Amino acid sequence: MEPLERARELFAAFARQLDSELPAGAELFDAHTHLGTDIDGMVGRFEELDEILDRWGFSGCFMFCLDEPDRHPAFRAGNDRTLEFAERSGGRMIPFVRLDLAEEPIAEAERCLDLGARGIKLHPRAQKFLLDDERLAPVFALAAERRVPILIHGGRGLPPIADHLHRLVDTYPEAQLIIAHAGIADLSGLAGNFSGTPGVFFDTSVWSAVDLLGLLRLVPPEQVLYASDYPYGGQPNSLLLSLRTARAAGLDEDQVGLILAGNVRRIVDGEPPLEPSRPQGAEVLEQPMPFARIHQYLTMSFSLLFARQQDSFGALGLALNATYERNGSSTHSLEQIRELLLGARELWRTLPDAEDEAEARIVARTTSRLIHLADVLAVTTHA
């Protein structure tokens, strides 16, 4: 069987598994999606996102443009496309205006908010600013005045940001803040400043299940929003990651429902945030040894794949070998991981034969999705 076709079959099998794991009747809302074309080559397509929302029954999503090639001046062209996509979606895709602090951010924000945008997106790494930048204050002031949330990148590529963000939130408490990617750039600092603060949220758009378990250990479920980061994240990976980590952290079904849609629904409907409870995650991650070894080797292999290199070290093979270790009642999970990794290995081996960049991107991305699913299982089995 062709490796790509085998990968599609594996994703379909996990999609059926996700159907069975989702809480019955639960609302789903994605707090972090992109449409457009990024300068790194990633593309978010309206039709694909619309199909994902339909397939899983999402009631809506927050949506904004990528770091577009035509981002100058002021992301105006990308923001206009965002507004058009939102209208085309019939209101299911809720538009955010993306800003560049160097190019009339307040004028562009006001223009787009007047045209129907309902939030603001900031990306300090991509737009090369720090969180002590004095130009952020008027953006937060506008968000507080218009009662719209700010979603800010909190993932890789940043120095510690917690203290500067804390000053902005203290100064503009009516500006609700969504910290993307679980705030992993400065998780302990951000959680230390904002855990228990109504109106400050963390979204779940990360690769690592360990990161989400770390977030839920520090932040109450009333402050967590499900997010995929489409097109960088997709299904069934993203929902399985959030569901399995939430349950591994000991959250009950009502709290899982808050993460999947309840918290963000209050933002959309203009209702005040819920009073935060307490974090519930465990201080210690417990894993059967085979799963710990698999996670270690998959982390090693993913960095090679990210760089479009072959697995010359043999990390994926070591992870595969670990799936044959005896592990009592968890043999089914080991078998699932093995199937995913066998599919990933066969597909990865075709990477040097890709005819062009587009084909190489598909092979690398699909392989990484298979490895990611395997890692989610490795971390959340008996977590």
Side-chain angles (χ1 to χ4, degrees), residues 2-4 6-8 10-11 32 34 36-44 66-69 123-128 153-159 180-187 205-212 214 228-235 237-238 241 291-323 337-379:
E2 291 295 323
L4 274 173
R6 176 58 181 156
R8 283 189 283 268
L10 288 166
F11 291 135
H32 187 149
H34 304 265
T37 301
D38 198 275
I39 56 174
D40 69 5
M42 187 64 76
V43 178
L66 287 155
D67 198 13
E68 310 280 335
H123 202 305
R125 176 174 60 82
Q127 271 59 71
K128 298 180 174 59
H153 174 78
R156 63 184 178 86
L158 295 180
H181 313 304
I184 60 172
D186 190 12
L187 179 53
S205 60
V206 293
W207 188 88
S208 171
V210 175
D211 281 330
L212 279 193
S228 71
D229 194 22
Y230 170 86
Y232 295 96
Q235 304 302 347
N237 299 51
S238 180
L241 172 64
F291 292 93
R293 294 183 62 230
I294 290 166
H295 170 64
Q296 172 185 249
Y297 296 136
L298 293 185
T299 301
M300 295 166 61
S301 69
F302 188 78
S303 61
L304 293 167
L305 181 60
F306 188 79
R308 302 280 185 87
Q309 298 178 19
Q310 286 295 293
D311 185 13
S312 56
F313 182 81
L316 195 63
L318 290 170
L320 261 169
N321 290 346
T323 68
I337 292 171
R338 187 182 310 134
E339 287 299 309
L340 289 165
L341 297 186
L342 287 170
R345 184 177 64 179
E346 293 308 306
L347 187 56
W348 197 344
R349 287 172 173 171
T350 71
L351 186 58
D353 300 325
E355 295 183 356
D356 53 32
E357 172 60 24
E359 184 176 331
R361 181 180 294 276
I362 290 171
V363 170
R365 187 182 181 198
T366 306
T367 304
S368 70
R369 288 181 62 203
L370 292 170
I371 293 173
H372 181 229
L373 272 176
D375 192 66
V376 170
L377 292 179
V379 173

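As the structure is a prediction and not an experimental result, all values here were calculated from the model.
No side-chain donor-acceptor contact under 3.5 Å links Tyr297 and Asp311. Counted by atom type alone, Asp67 and His123 present zero donor-acceptor pairs between their side chains at under 3.5 Å.
In terms of heavy-atom proximity, Thr367 sits nearest to Ala344 at CG2-O, 3.6 Å. Of all heavy-atom pairs between Ala319 and Leu298, the closest is CB-CD2, 3.7 Å. Considering all non-hydrogen atoms of both residues, Leu347 and Val363 come closest at O-CG1, 3.5 Å. Nearest heavy atom pair, residue His295 against residue Val379, reads ND1-CG2, 3.5 Å. Across all non-hydrogen atoms, the minimal contact from Ala185 to Gly155 is CB-O, 3.0 Å. Considering every non-hydrogen atom in both Val376 and Leu241, the closest pair reads CG2-CD1, 3.9 Å.
At a threshold of 4.5 Å between non-hydrogen side-chain atoms, the residues Asp186 and Leu158 do not count as touching. The shortest distance between side-chain heavy atoms of Arg365 and Met42 falls below 4.5 Å. In this structure, Leu318 and Phe313 have side chains that are in contact, with non-hydrogen atoms separated by less than 4.5 Å. Side chains of Ile362 and Leu4 form a contact here, defined as non-hydrogen atoms less than 4.5 Å apart. In this structure the side chain of Arg338 reaches within 4.5 angstrom of the side chain of Leu320, judged on heavy atoms. Under the 4.5 Å side-chain criterion, counting only non-hydrogen atoms from C-beta, Pro124 is in contact with His153. Side-chain contact between Arg156 and Arg125 is present, with heavy atoms from C-beta onward closer than 4.5 Å. Looking at Ser368 and Phe306, their side chains never come closer than 4.5 Å, going by heavy atoms from C-beta outward.
Ser238 places no side-chain N or O within donor-acceptor distance of the main-chain N or O of Gln235, the cut-off being under 3.5 Å. A donor-acceptor pair under 3.5 Å is absent between the side-chain atoms of Glu68 and the main chain of Asp38, judged by distance alone. Put simply, the side chain of Gln296 never gets that close to the backbone of Ile294: no donor and acceptor are under 3.5 Å apart. For His181 (side chain) and Ser205 (main-chain N/O), a donor-acceptor pair under 3.5 Å exists by modelled atom type. Looking at Arg369, its side chain never comes within 3.5 Å of a backbone N or O of Phe11 through a donor-acceptor pair.
Between atom CG of residue Leu212 and atom CD1 of residue Ile184 there is a gap of 9.5 Å, rounded to the nearest 0.5 Å. Distance check: Leu373 CG to Asn237 CG gives 3.5 Å after rounding to the nearest 0.5 Å. Here CZ of Arg361 is found 12.0 Å from CG of Leu351. Values are rounded to the nearest 0.5 Å.
Paired with Trp348 under the rule side-chain contact (heavy atoms from CB on, under 4.5 Å), one option of Thr366, Leu304, Leu370, Leu341 passes, and it is Leu304.
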- Go through the steps to decide whether Gln310 and Arg308 satisfy the test side-chain contact (heavy atoms from CB on, under 4.5 Å), and finish with yes or no. CA-CA 7 Å; Gln310 286 295 293; Arg308 302 280 185 87; over 6 Å; no

- Message: Before you tell me yes or no, could you show the steps for Leu316 and Ile371 under side-chain contact (heavy atoms from CB on, under 4.5 Å), namely the whole-Å CA-CA distance, both residues' side-chain angles and the distance that decides it to 0.1 Å?
- Response: CA-CA 9 Å; Leu316 195 63; Ile371 293 173; 4.3 Å; yes

- Query: Would Tyr232 and Trp207 satisfy ring pair (Phe, Tyr, Trp, His ring centres under 6.0 Å), going step by step from the backbone distance to the final call?
  - Reply: CA-CA 10 Å; Tyr232 295 96; Trp207 188 88; over 10 Å; no

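Counted within 6.0 Å of CD on Glu355, heavy atoms from surrounding residues, nucleotides or ligands total 12 or fewer; the atom is thus considered open.
Glu2 and Arg6 are not joined by a salt bridge, as no carboxylate oxygen comes within less than 4.0 angstrom of a charged side-chain nitrogen.
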